[in-house]
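All remarks here apply to the structure that follows.
Note that the coordinates shown come from a computational prediction; the quantities given were computed from them, not determined experimentally. Reminder, nothing fancy here: chain letters follow the sequence lines and each chain counts from 1.
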Protein chains: 2
Amino acid sequence: MDELDLKILALVQDDARQTAERISDLIGLSPTAIQKRLKKLRDSKIIQKEIAVLDPGKLGQTMTAVVEVSLERENLSVLDAFKKRMRNAPQVQQCYYTTGEADFILVVVVKDIKAYETFTHEYFFGTPEISKFKTSIVMDRVKVSLNVDIQK
Amino acid sequence: MDELDLKILALVQDDARQTAERISDLIGLSPTAIQKRLKKLRDSKIIQKEIAVLDPGKLGQTMTAVVEVSLERENLSVLDAFKKRMRNAPQVQQCYYTTGEADFILVVVVKDIKAYETFTHEYFFGTPEISKFKTSIVMDRVKVSLNVDIQK
DNA sequence: CTTGAAAAAAAATTAGA
DNA sequence: TCTAATTTTTTTTCAAG
């Protein structure tokens with residue numbers, strides 16, 4: 001992992017489709033070398049995966065919410081069960097287990113407010129371990145990325 | 001946009017590197033047809049972009065925080081200026097402008113607590129428009145994706 | 001590391017139903 | 001629209017310096 005690797009990573013985390021030749025032009029290293037490094041970065045799982053980012057709005061998913069969830073009593077099995085449910089919930093884009101007032105903070109993407117209500121009913125109401133949850137509705141998705149700060 | 005497109009999208013939002021041939025095997029359509037559809041989905045920006053997802057930990061970024069930020073007075077120029085700063089801040093992975101107690105909710109990824117302190121000093125303290133902010137430190141990144149719920 | 005060549009694979013294009 | 005064949009591009013692998 002040297003500075004050239006970091007430069008490559010900085011480029012591909014914004015655009016994974018650019019060719020090794022283009023990257024070569026940008027950072028001054030032969031296309032072959034770029035490819036070898038990319039392979040290493042993939043094999044070592046520094047590059048976890050390469051994904052397509054879809055436009056939620058164009059898929060009819062027009063509502064995003066950030067939800068803070070508090071559990072009743074925090075025992076391990078309840079915690080693990082909740083994590084598993086969140087991982088399997090298609091509406092849940094992200095789930096963080098956190099310190100602070102709430103236990104979990106979620107990013108939820110759904111069709112509309114009605115679909116959000118359905119989501120809360122399925123996952124929150126009727127789940128006695130959940131003591132409360134607080135919803136913040138997103139008015140503007142100012143910045144949405146999975147980018148990591150890459151510097152020397 | 002038919003059901004086949006949705007199936008393709010569901011596949012590529014998890015793995016953008018699989019070939020048209022593989023997708024073809026999975027959903028039963030010729031590789032050429034897959035490619036044409038993918039091109040359309042890219043051109044229409046339903047597929048916004050294709051990116052490499054990096055492992056923050058392996059890049060020395062071991063701390064994630066969710067931050068709720070409240071502004072003093074919400075006037076448009078202050079709002080826009082803050083949005084712009086967040087978009088340009090490399091530590092800020094995500095920024096949402098929301099209803100509720102806070103005005104903004106951020107996901108911040110940094111090296112460690114010290115780097116987080118540096119971040120708050122640069123972006124929050126000494127910014128009079130910010131009335132307060134509340135930090136929740138992430139103990140477990142239970143689910144981190146940009147996936148959209150795709151169903152028929 | 002580089003360049004160059006070659007092979008394999010994938011993507012883009014074209015033509016025909 | 002789709003499929004099938006062709007061409008182009010890209011990736012991968014290899015050898016030599």
Side-chain angles (χ1 to χ4, degrees), chain A residues 1-61 111 144-152, chain B residues 1-61 145-152:
Chain A
M1 274 287 297
D2 58 9
E3 236 178 285
L4 291 166
D5 283 325
L6 294 179
K7 284 186 184 174
I8 295 171
L9 291 172
L11 288 170
V12 296
Q13 78 171 343
D14 277 321
D15 179 8
R17 261 175 73 78
Q18 58 196 321
T19 66
E21 197 182 1
R22 165 150 181 74
I23 298 172
S24 160
D25 291 338
L26 292 171
I27 72 176
L29 200 61
S30 74
T32 312
I34 301 286
Q35 280 174 352
K36 282 180 74 171
R37 283 165 179 267
L38 275 173
K39 182 166 169 46
K40 268 191 195 167
L41 293 166
R42 289 190 186 108
D43 290 346
S44 64
K45 298 290 179 199
I46 291 170
I47 294 178
Q48 290 182 329
K49 54 181 179 172
E50 281 151 271
I51 63 165
V53 179
L54 312 184
D55 185 329
K58 291 192 170 150
L59 287 161
Q61 310 284 314
K111 184 169 177 288
V144 181
S145 81
L146 295 181
N147 281 15
V148 172
D149 184 17
I150 292 181
Q151 77 269 346
K152 202 200 73 67
Chain B
M1 275 286 298
D2 58 9
E3 237 176 285
L4 290 166
D5 284 324
L6 295 179
K7 283 185 184 174
I8 294 171
L9 292 172
L11 288 170
V12 296
Q13 78 171 341
D14 278 319
D15 179 8
R17 261 176 73 79
Q18 60 196 318
T19 65
E21 196 181 3
R22 166 149 180 75
I23 297 173
S24 161
D25 291 340
L26 292 172
I27 73 176
L29 199 61
S30 76
T32 312
I34 301 285
Q35 280 174 352
K36 283 181 73 169
R37 283 166 180 267
L38 274 173
K39 182 166 170 44
K40 267 191 195 167
L41 292 167
R42 289 190 188 108
D43 290 346
S44 65
K45 298 289 179 200
I46 290 170
I47 294 178
Q48 290 183 330
K49 53 181 180 172
E50 281 151 271
I51 63 165
V53 179
L54 312 184
D55 184 328
K58 292 192 170 150
L59 287 161
Q61 309 284 315
S145 81
L146 294 181
N147 281 14
V148 171
D149 183 17
I150 294 182
Q151 76 268 343
K152 202 199 73 66

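At a threshold of 4.5 Å between non-hydrogen side-chain atoms, the residues B/Leu9 and B/Val148 do not count as touching. Side-chain atoms of A/Ile150 and A/Lys7, non-hydrogen and from C-beta on, never get closer than 4.5 Å to each other. Taking the side chain as every heavy atom from C-beta outward, A/Leu41 and A/Val12 never approach each other to under 4.5 Å. The side-chain heavy atoms of A/Leu146 and A/Gln13, taken from C-beta on, include no pair separated by under 4.5 Å.
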TODO: Map every base of DNA chain C to its dot-bracket character, where paired means a Watson-Crick or G-U wobble contact with both distances under 3.5 Å and | marks a partner outside the strand.
DONE: ||||||.||||||||||

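Screening B/Asp5, B/Ile8, B/Asp43 for a side chain to side chain contact (heavy atoms under 4.5 Å, CB included) involving B/Leu38 leaves a single residue, B/Ile8.
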Determine all donor-acceptor pairs shorter than 3.5 Å in which one atom belongs to a side chain in residues 49-57 of chain A; sequence neighbours excluded.
| from | atom 1 | to | atom 2 | distance (Å) |
| --- | --- | --- | --- | --- |
| A/Glu50 | OE1 | A/Arg42 | NE | 2.8 |
| A/Glu50 | OE2 | A/Arg42 | NH2 | 3.2 |
| A/Asp55 | OD1 | A/Gly57 | N | 2.9 |
| A/Asp55 | OD1 | A/Lys58 | N | 3.3 |

All N/O donor-acceptor pairs, side-chain side in residues 24-33 of chain B, below 3.5 Å, sequence neighbours left out:
| from | atom 1 | to | atom 2 | distance (Å) |
| --- | --- | --- | --- | --- |
| B/Ser24 | OG | B/Leu29 | O | 2.6 |
| B/Ser30 | OG | B/Ala33 | N | 3.2 |

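Here the NZ-CD1 distance, from B/Lys40 to B/Ile47, works out to 13.5 Å after rounding to the nearest 0.5 Å. Between A/Glu3 atom CD and A/Gln151 atom CD the span is 11.0 Å, to the nearest 0.5 Å. Between atom CG of residue A/Leu11 and atom CG of residue A/Leu6 there is a gap of 11.0 Å, rounded to the nearest 0.5 Å. Rounding to the nearest 0.5 Å gives a distance of 13.5 Å between CZ of B/Arg17 and CZ of B/Arg22.
A/Asp149 meets the side chain to side chain donor-acceptor pair (under 3.5 Å) test with no other residue; sequence neighbours excluded. For A/Lys36, there are no side chain to side chain donor-acceptor pair (under 3.5 Å) partners, not counting sequence neighbours. Applying the side-chain contact (heavy atoms from CB on, under 4.5 Å) criterion to B/Ser44, with sequence neighbours excluded, gives B/Ile46. Residues passing the side chain to side chain donor-acceptor pair (under 3.5 Å) test with B/Asp15, sequence neighbours excluded: none.
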Using a cutoff of under 3.5 Å, can you pull out all pairs of nitrogen or oxygen atoms linking the protein to nucleotides 4-6 of chain C, with atom names and distances?
none

Can you tabulate the close N/O pairs, meaning under 3.5 Å, that link protein atoms to atoms of nucleotides 15-17 of chain C?
none

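Residue B/Gln35 places at least one side-chain N or O under 4.0 Å from the OP1 or OP2 atom of C/dA11.
Of the residues in residues 17-31 of chain A, A/Thr19, A/Ala20 come within less than 4.0 Å of DNA chain D through at least one heavy atom, sorted by number. Listed in residue order, the members of residues 1-14 of chain B having a heavy atom less than 4.0 Å from DNA chain D come to none.
Here chain B contacts DNA chain D (any atom closer than 4.0 Å to a heavy atom, that is under 4.0 Å), and the contacts span D/dT1 to D/dT12 from 5' to 3'.
The gap from the C1' atom of C/dA7 to that of D/dG17 amounts to 22 Å, rounded to the nearest Å.
The neighbour count for B/Gln18 CD, taken as heavy atoms of other residues, nucleotides or ligands under 6.0 Å away, is above 12.
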